[in-house]
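The block underneath contains the structure these notes are about, expressed in structure tokens.
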There are 2 protein chains.
Amino acid sequence: MTDPAPGLNAEQLGAYFALIEVSSLLQYAVDEHLRADGDLSFVQFQILARLVDAPDGRLRMTDLADGLVYSRSGLTYQVGLLDKRGLIARSASPDDERSVMVTVTAAGRDLVAHVLPGHVDRVRQLLFEPMTGTDLATLGELLGRVRDHMRATPPRSAKPRARRDRTA
Amino acid sequence: MTDPAPGLNAEQLGAYFALIEVSSLLQYAVDEHLRADGDLSFVQFQILARLVDAPDGRLRMTDLADGLVYSRSGLTYQVGLLDKRGLIARSASPDDERSVMVTVTAAGRDLVAHVLPGHVDRVRQLLFEPMTGTDLATLGELLGRVRDHMRATPPRSAKPRARRDRTA
DNA sequence: TATTGTTATACTCTATAACTATA
DNA sequence: TATAGTTATAGAGTATAACAATA
């Protein structure tokens with residue numbers, strides 16, 4: 001900072017900070033709405049949304065953990081909360097007895113449907129209102145590319161379970 | 001989702017999700033590094049970075065709270081932690097007796113300097129590696145515009161203190 | 001032996017509300 | 001009365017490690 005910073009120029013720094021700030025503000029606004037309108041945290045909403053999107057509304061715990069930047073125990077905790085509220089159901093997987101299938105219930109789908117319009121409103125108002133169609137296409141392509149790079153590159157949240165060499 | 005979602009088309013949805021995912025992965029990686037290399041959370045690093053950037057390395061608590069999406073008490077807590085470690089110092093403001101000036105200490109500057117190269121490395125590797133120069137310029141301009149829009153538009157984190165009508 | 005998931009636990013963080021002091 | 005900041009408190013969330021069960 002101050003003087004350009006060793007390695008990132010001013011332009012890069014600006015883009016980096018803007019990204020952090022934009023996503024923070026967006027998540028803050030979206031989280032606030034989800035809690036008020038559906039008593040859901042953003043993480044819980046993401047879990048439900050993924051399930052609604054999945055074939056038959058079902059995913060294994062592991063499939064859920066991937067994609068969400070999340071520890072296994074954290075996911076168990078959140079899924080447990082959703083389970084208590086009857087928004088999802090857990091069942092044994094037929095193929096692999098170790099796995100747990102998570103399925104959205106009708107109530108879960110209803111809640112997502114209830115919450116989605118307002119959610120989308122906020123996103124549109126905050127994120128997309130100041131964009132042109134060209135902006136949108138550019139941003140989507142670019143961020144998609146970056147995401148793939150991040151997912152592919154090096155250390156993922158889905159890091160090997162048994163390793164503890166986190167330098168910490 | 002599934003069917004385009006009421007109000008956001010597939011392209012918008014993709015950009016939205018990519019943004020959330022990219023910033024989550026980035027923050028996760030960056031946070032991990034900061035903790036390992038400097039025992040700092042991302043929030044703490046942001047506080048220090050803002051101070052290092054400020055004239056005379058000083059800002060009022062209120063100035064710090066703006067910009068960071070943060071409650072006042074949360075900021076007091078984090079600044080308190082930094083204070084205990086001798087990375088910042090607090091003092092009364094000469095002009096306004098109510099205000100508290102926060103100043104980075106030499107130790108704080110040293111720590112930022114120590115941590116910055118690795119921090120920047122991660123950001124560059126994850127975020128900027130898959131970008132062209134044009135991409136960078138575009139992204140910076142676009143996100144800057146969106147940020148200004150978000151800051152200007154409606155409800156900010158710096159929301160009026162005395163209001164409690166949060167629909168909650 | 002590796003993988004899936006849960007649990008127990010300990011801790012960090014965050015927000016709300018009440019409070020003090022100054023403008 | 002409004003603003004700046006702190007504190008007490010209480011709760012949500014997260015991660016680590018240990019554990020059970022299946023592959």
Side-chain angles (χ1 to χ4, degrees), chain A residues 24 27-28 31-32 34-36 39-47 59-66 68-85 88-102 157-168, chain B residues 24 27-28 31-32 34-36 39-47 59-66 68-85 88-102 157-168:
Chain A
S24 293
Q27 284 199 41
Y28 185 91
D31 194 79
E32 188 179 52
L34 290 172
R35 284 180 195 281
D39 195 25
L40 288 173
S41 69
F42 189 41
V43 175
Q44 290 165 359
F45 173 74
Q46 287 184 96
I47 293 172
L59 287 174
R60 295 183 314 148
M61 288 291 285
T62 295
D63 299 327
L64 276 174
D66 296 341
L68 305 176
V69 182
Y70 231 63
S71 70
R72 284 160 187 277
S73 65
L75 182 61
T76 297
Y77 171 74
Q78 293 293 347
V79 167
L81 293 181
L82 296 175
D83 197 350
K84 274 181 201 153
R85 293 176 60 185
I88 60 97
R90 281 182 279 197
S91 58
S93 165
D95 1 308
D96 189 333
E97 288 294 325
R98 294 171 306 182
S99 292
V100 169
M101 299 296 305
V102 183
S157 84
K159 52 188 168 278
R161 190 88 159 298
R163 295 177 60 208
R164 74 187 58 282
D165 58 1
R166 305 184 68 211
T167 317
Chain B
S24 293
Q27 284 201 40
Y28 186 91
D31 195 78
E32 188 179 53
L34 290 172
R35 285 180 195 281
D39 195 26
L40 287 174
S41 69
F42 189 41
V43 175
Q44 290 165 359
F45 173 75
Q46 287 184 96
I47 292 173
L59 287 173
R60 296 184 313 147
M61 288 292 284
T62 295
D63 299 328
L64 275 174
D66 296 344
L68 303 177
V69 183
Y70 231 63
S71 70
R72 285 160 186 276
S73 66
L75 182 61
T76 296
Y77 172 74
Q78 293 294 346
V79 167
L81 293 181
L82 296 175
D83 198 351
K84 274 183 201 154
R85 293 176 59 185
I88 61 98
R90 280 181 279 196
S91 57
S93 166
D95 0 307
D96 188 334
E97 288 293 325
R98 295 171 303 180
S99 291
V100 169
M101 298 296 305
V102 183
S157 82
K159 50 185 170 289
R161 189 91 161 292
R163 294 178 61 209
R164 74 186 57 285
D165 59 359
R166 305 182 68 210
T167 317

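Heavy-atom basis, side chains included; hydrogens, waters and symmetry copies ignored.
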Between A:Gly74 and B:Ser99, which is nearer to the 5' end of DNA chain D once each is assigned its nearest nucleotide?
-> B:Ser99
Please evaluate the base of C:dA15 for a donor-acceptor partner in the side chain of B:Ser73 within a cut-off of under 3.5 Å?
-> yes
Return the value, rounded to whole Å, for the distance between atom CG of B:Asp31 and atom P of C:dT12.
-> 14 Å
Please enumerate all protein N or O atoms sitting under 3.5 Å from an N or O of nucleotides 21-23 of chain C, with distances to 0.1 Å.
unit_1, atom_1, unit_2, atom_2, d
C:dA23, OP1, B:Glu97, N, 3.2
C:dA23, O4', B:Arg98, NH1, 3.3

Sorted by position of nearest nucleotide on DNA chain C, 5' first, the leading residue of A:Val79 and B:Leu81 is A:Val79
May I ask you to say what B:Ser41 touches in the nucleic acid, namely base, sugar-phosphate or nothing, with a heavy-atom cut-off under 4.0 Å?
-> sugar-phosphate
Out of D:dT7, C:dG5, D:dA15, minimum distance to the side chain of A:Ser71 belongs to D:dA15
Could you please name the option among D:dG13, D:dA15, C:dC13 that lies closest to any side-chain atom of B:Tyr28?
-> D:dA15
Can you tell me if the side-chain N/O atoms of A:Arg35 get under 4.0 Å from OP1 or OP2 in D:dG13?
-> yes
Kindly say if B:Arg72 contacts the phosphate of D:dA4, meaning a side-chain N or O under 4.0 Å from OP1 or OP2.
-> yes
May I ask you to decide whether B:Arg35 forms a salt bridge with B:Asp31, counting only side-chain N to carboxylate O separations under 4.0 Å?
-> yes
Can you check the B:Gln78 CD to C:dT12 C1' distance for me, whole Å?
-> 9 Å
Whole-Å distance separating the CG atom of B:Leu34 from the C1' atom of C:dT12 | 16 Å
Give, for atom OG of A:Ser99 and atom CG of A:Leu59, the distance between the pair rounded to the nearest 0.5 Å.
-> 11.5 Å
